[in-house]
Amino acid sequence: ILQSTLDSMRAENRILQSTLDSAKESMKQELNLSKESMKREQESIKQSMKRELNAAHARTEDAVAQYKDLVREHEALTKEHAKLQSTKDSSNHVTEMVTRQRDKMTSMVEKYQDEIDGLKRANRDLRGQRDDLKEELICVLETASVYQD
């Protein structure tokens with residue numbers, strides 16, 4: 001009986017060993033499949049990361065180029081602003097000079113206008129005196145003419 005039990009146990013042990021070997025083999029295959037799947041997934045992730053990295057690099061280059069363009073544009077605008085400011089300052093200076101000249105000329109015109117008005121009055125007075133002298137001369141000449149006759 002013991003021999004039979006031992007044989008039975010040995011047979012059962014062989015079945016278990018066979019099942020265990022089969023399970024090991026199956027697990028090895030699954031592990032190999034998982035490794036291959038992981039390798040494929042890692043490669044896919046690696047490729048995806050490369051694409052993303054290249055895209056990010058391209059976006060960075062674009063951003064740097066845009067930044068450089070903006071810096072150049074800012075420098076050009078700064079120079080243009082400086083030129084315009086200089087022109088404005090020069091224009092303000094010229095405007096001040098012209099305003100001073102205009103004020104001087106206005107003062108001179110007013111002064112000469114006063115002198116002209118004074119000369120006009122003197123001229124009217126002289127004309128009046130001339131007319132009076134003319135009439136007096138006519139009277140004198142008439143009188144002299146009468147005495148001469």
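Starting from 1, each residue takes its place in the sequence as its number. Hydrogens, waters and symmetry mates are skipped; everything else that's a heavy atom, side chains included, is used.
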Checklist entry - Can you tell me if Ser8 uses its side chain to pair, donor with acceptor, with the backbone of Ser4 under 3.5 Å? => result no
Next on the checklist: Looking at Ala82, is its backbone amide N or carbonyl O close enough to the side chain of Ser86 to form a donor-acceptor pair, meaning the two atoms are under 3.5 Å apart?
Outcome noted: no
Next on the checklist: I'd like to know if the side chain of Thr19 and the backbone of Ile15 have a donor-acceptor N/O pair within less than 3.5 Å.
Outcome noted: yes
Checklist entry - Between CG of Leu137 and CG of Asp132, what distance do you get to the nearest 0.5 Å? => result 12.5 Å
Checklist entry - Once you round to the nearest 0.5 Å, how far does NZ of Lys88 lie from NE2 of His81? => result 8.0 Å
Checklist entry - Could you give the distance from CG (Leu6) to CD (Gln3), rounded to the nearest 0.5 Å? => result 5.5 Å
Checklist entry - What's the verdict on side-chain contact (heavy atoms from CB on, under 4.5 Å) for Arg124 and Arg121, showing C-alpha distance, side-chain angles and the deciding distance? => result CA-CA 5 Å; Arg124 272 193 309 269; Arg121 282 190 300 274; 3.1 Å; yes
Next on the checklist: I'd like to know if the side chain of Thr78 reaches the main chain of His74, judged simply by a donor and an acceptor atom lying under 3.5 Å from each other, with no hydrogens or angles considered.
Outcome noted: yes
Checklist entry - Which is it for Arg10 and Arg14 under the side-chain contact (heavy atoms from CB on, under 4.5 Å) test, yes or no, and what are the steps along the way? => result CA-CA 6 Å; Arg10 282 187 184 152; Arg14 278 192 298 270; 4.0 Å; yes
Between side-chain atoms of residues 22-44 and protein atoms elsewhere (two or more places apart, or another chain), which donor-acceptor pairs fall under 3.5 Å?
residue, atom, partner, partner atom, Å
Asn32, ND2, Lys28, O, 3.4
Ser34, OG, Glu30, O, 3.0
Glu43, OE2, Gln47, NE2, 2.9

Next on the checklist: Show every salt bridge (Lys or Arg N to Asp or Glu O under 4.0 Å) that has at least one partner inside residues 97-117, sequence neighbours left out.
Outcome noted: Glu96-Arg100
Next on the checklist: Under a plain distance cut-off of 3.5 Å, with no hydrogens placed, do Gln66 and Asp62 share a side-chain donor-acceptor pair?
Outcome noted: no
